Amino acid sequence: MEQLMKILREIRPDVDFEKEKALLDDAVLDSFDIVSLIGEINSSFQVDIPFEELEPENFNSAEDIYKLIQRLKTGGVK
């Protein structure tokens, strides 16, 4: 989780990712942020985020993103 938090802080240092629970629903992150985040996640965690996983529910909080990463690392996809 710490590695993810570091990535998130590098992309948007102005956001409190520990408290924010609606990153996409409240437009805290924009499409450019998401593209950057996906690229960093793919390289840092050695996972590929498939198109069908690009849903707001997977990116609304740091916890949601971390759950997605863990699920992808274990081979689980929707």
Side-chain angles (χ1 to χ4, degrees):
M1 183 70 156
E2 187 55 39
Q3 186 177 9
L4 173 61
M5 293 303 283
K6 182 179 180 227
I7 292 168
L8 290 168
R9 284 188 219 104
E10 287 173 0
I11 292 172
R12 289 292 304 274
D14 58 316
V15 175
D16 184 352
F17 288 100
E18 291 164 358
K19 292 183 180 176
E20 187 62 56
K21 302 296 179 200
L23 294 170
L24 293 184
D25 289 344
D26 291 347
V28 175
L29 296 179
D30 62 24
S31 57
F32 182 75
D33 295 329
I34 294 298
V35 169
S36 299
L37 177 59
I38 289 170
E40 288 295 324
I41 288 171
N42 287 347
S43 64
S44 296
F45 292 95
Q46 289 79 44
V47 296
D48 290 318
I49 300 175
F51 180 77
E52 61 268 11
E53 294 291 352
L54 300 178
E55 298 181 0
E57 66 194 35
N58 289 329
F59 292 90
N60 260 328
S61 70
E63 292 83 16
D64 293 336
I65 298 167
Y66 191 71
K67 287 177 191 173
L68 172 64
I69 293 167
Q70 293 305 308
R71 187 163 37 84
L72 291 172
K73 286 180 82 161
T74 60
V77 236
K78 281 188 177 180

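Here the structure is a predicted model, which is why all the values come from computation and not from measurement.
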Sequence neighbours excluded and cut-off under 3.5 Å, please list the side-chain donor-acceptor pairs for residues 27-34, or say none.
unit_1 : atom_1 : unit_2 : atom_2 : d
Asp30  : OD1    : Phe32  : N      : 3.1
Asp30  : OD1    : Asp33  : N      : 2.8
Asp33  : OD2    : Arg12  : NH1    : 3.1
Asp33  : OD2    : Asp30  : N      : 3.0

* Asked: If only atom types and distance count, is the side chain of Thr74 paired as donor or acceptor with the main-chain N or O of Arg71 below 3.5 Å?
  -> yes
* Structure fact -> Here the pair of heavy atoms bringing Arg9 nearest to Phe17 is N-CE1, 4.1 Å
* Structure fact -> Shortest non-hydrogen pair, Ser61 vs Glu20, comes out as CB-O, 3.6 Å
* Might you point out which heavy atoms bring Leu8 and Ala62 nearest each other, and give the distance in Å? => CD1-CB, 3.8 Å
* Check the pair Phe45, Leu72 against side-chain contact (heavy atoms from CB on, under 4.5 Å), reporting the backbone distance first and the verdict last. => CA-CA 10 Å; Phe45 292 95; Leu72 291 172; over 6 Å; no
* To do: Any chance you could measure Glu10, atom CD, to Met5, atom CE, to the nearest 0.5 Å?
  => 12.0 Å
* Asked: Honestly curious: do Val35 and Phe51 fall in one hydrophobic cluster under the side-chain, below-4.5 Å linking rule?
  -> no
* Asked: Is a donor on one side and an acceptor on the other found under 3.5 Å between the side chain of Asn60 and the backbone of Leu24?
  -> yes
* Is it true that Met1 and Ile7 fall in one hydrophobic cluster, defined by side-chain heavy atoms closer than 4.5 Å? -> yes
* To do: Starting from the C-alpha separation in whole Å, work towards a yes-or-no answer on side-chain contact (heavy atoms from CB on, under 4.5 Å) for Asn58 and Leu54.
  => CA-CA 7 Å; Asn58 289 329; Leu54 300 178; over 6 Å; no
* Taking all atoms of both residues into account, what is the closest heavy-atom pair of Ile69 and Leu4, and its distance? -> CD1-CD1, 4.2 Å
* Asked: In Å and rounded to the nearest 0.5 Å, what is the CD1 to CD1 distance from Ile41 to Ile49?
  -> 4.5 Å
* Working for side-chain contact (heavy atoms from CB on, under 4.5 Å), residues Asp64 and Leu23 -> CA-CA 10 Å; Asp64 293 336; Leu23 294 170; over 6 Å; no
* **By side chain to side chain donor-acceptor pair (under 3.5 Å) - contacts of Lys6 (at least two apart)** => none
* To do: Give a yes or no answer on whether the side chain of Asp25 reaches the backbone of Pro56 with a donor-acceptor pair at less than 3.5 Å.
  => no
